Amino acid sequence: MIRVFARPLLAAALALAGAALAAEPPLRVVATSTDLKSLVEAVGGDQVSVESVAPPASDPHAVDLKASQILRLKGAALIVRVGLDHEPWLAKVRPTAPVLDASQGIALLQAETPRLRADARPHVHGLGNPHYWLDPENARPVTAAILRQLSKLRPASAAAFEANRTQFLERLDAGLKRWREAMVPYKGTRMVVMHETWPYFAARYGLVIVGAAEPVPGVPPTPAEVAALIARMRAGNVRLLVADTHSDSALVNQIAHGTVARVATLVPSVAGEPEARDYIALFDLNVRRFTEVMAAR
Ligand SMILES: [Zn+2]
């Protein structure tokens, strides 16, 4: 008998909770990147207030936590992280809130990279390439995980979260169509990257990364390595160098001047430039920038 009544009772309790929660303040979520912040906001809507730990315009690998941020991490209802070796500082904070690792359920690239000590340097891609949010298709599993987690924390709003995500996926699908059409002519483009930020983006649009300026992710090249890279780019007739917003511009110029490559400076994260105001706008900007540089040659 209890089994028979449990469901309606639970539903009634949830409805009551929903009425009570309507007046509740937004869930406080801390995301470790502006990209995850944007995706949490897309699902959470006005039921969440999200803060990103990493400032968007700087190197996301070199986060220096302020005391106020540690306090906010400790007071959060939920922490959403990139995972892998992207946030070695998180273990030291020892957060009490549930931590959603957004890398779960992602088909990782470069996971065969030999494991390096993730604590020796902040970001060496030692567990696979962590820049998976730069394949826009990966927003699907990431927002699904966010939906599950937010619904668990605030069951009365589960339907609203689901509706928000559906609306976001409609925008994403429209974007995917737009970006695919714009990128089709550049399939097979061979490029050198400053940092291995772009393998997911490259895989999505059929671009070929033939080299990276950094010998190991996060480690600047020596002068001899720069000279060798320039020689290889000339020999291989590589015509595109992809830099990130926070790349060392002197090094970018040195490589560009030594070769026939044009430079496309792409934005790795939401809010890295004002135009990249959310996750969809980030790809609109990067696709436009890429195609503009390619079309100008
Ligand atoms: Zn990286």
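Everything numeric here is computed off the predicted structure, so don't read it as measured data.
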Counting distance only, does the side-chain N/O of T265 pair as donor-acceptor with the main-chain N or O of A243 below 3.5 Å? no

Does R190 reach the main-chain N or O of G236 with its side chain, forming a donor-acceptor pair under 3.5 Å? yes

For side chain to side chain contact (heavy atoms under 4.5 Å, CB included), just list the numbers for R277 and V270, CA-CA rounded to whole Å, side-chain angles, deciding distance to a tenth of an Å, and then say yes or no. CA-CA 6 Å; R277 65 193 174 281; V270 168; over 6 Å; no

Got a second to check how far I255's CD1 is from M194's CE, nearest 0.5 Å? 4.0 Å

Point-to-point distance, once rounded to the nearest 0.5 Å, from CZ of R154 to CG of L27: 4.0 Å

Check this for me, if you would: do R289 and E275 make a salt bridge, where the nitrogen-to-carboxylate-oxygen distance has to be below 4.0 angstrom? no

Evaluation steps, side chain to side chain contact (heavy atoms under 4.5 Å, CB included), between M183 and F201: CA-CA 11 Å; M183 292 297 285; F201 185 83; 3.9 Å; yes

Is it the case that over 12 heavy atoms from other parts of the model lie below 6.0 angstrom from the CZ atom of R234? no

Heavy-atom side-chain proximity of R288 to D284 below 4.5 angstrom: no

Tell me, with the steps shown, if L176 and L172 meet side chain to side chain contact (heavy atoms under 4.5 Å, CB included). CA-CA 6 Å; L176 283 162; L172 181 73; 3.9 Å; yes

Residue that, paired with L240, satisfies side-chain contact (heavy atoms from CB on, under 4.5 Å) out of L207, V210, V293, T259: V293

Would you check if the side chain of Y200 reaches a backbone N or O of N129 as a donor-acceptor pair within less than 3.5 Å? yes

Main-chain N/O of G211 paired with R232 side-chain donor or acceptor, under 3.5 Å: no

Under 3.5 Å donor-acceptor, D244 side chain and H246 backbone: no

Q254 versus L251: any side-chain heavy-atom pair under 4.5 Å? yes

So how far is it from L84 CG to D101 CG, rounded to the nearest 0.5 Å? 6.5 Å

Show, in sequence, the C-alpha distance, side-chain angles and deciding distance for W198 and N286, and conclude whether the side chain to side chain contact (heavy atoms under 4.5 Å, CB included) test is met. CA-CA 11 Å; W198 304 99; N286 282 328; 3.8 Å; yes

Tell me if a side-chain donor or acceptor on S33 pairs with a main-chain N or O of L36 at a distance below 3.5 Å. yes

Ignoring hydrogens and geometry, is there a side-chain-to-backbone donor-acceptor pair from N138 to W133 under 3.5 Å? no

Donor-acceptor under 3.5 Å (K74 side chain, V93 main chain): yes

Enumerate the salt bridge (charged side-chain N to carboxylate O under 4.0 Å, His left out) contacts for residues 202-226, please, sequence neighbours excluded, ordered by first and then second residue. D135-R204

If we check side chain to side chain donor-acceptor pair (under 3.5 Å) with H125, which of these qualifies: H86, H131, E196? H131

Is it true that a side-chain atom of Y132 and a backbone atom of V82 form a donor plus acceptor pair closer than 3.5 Å? yes

For E137, I'd like to know if atom CD has over 12 heavy atoms of other residues, nucleotides or ligands within 6.0 Å. yes

Partner set under side chain to side chain contact (heavy atoms under 4.5 Å, CB included) for A42, not counting sequence neighbours: F168

Show your reasoning for whether side chain to side chain donor-acceptor pair (under 3.5 Å) applies to D278 and S38. CA-CA 6 Å; D278 67 10; S38 181; 5.3 Å; no

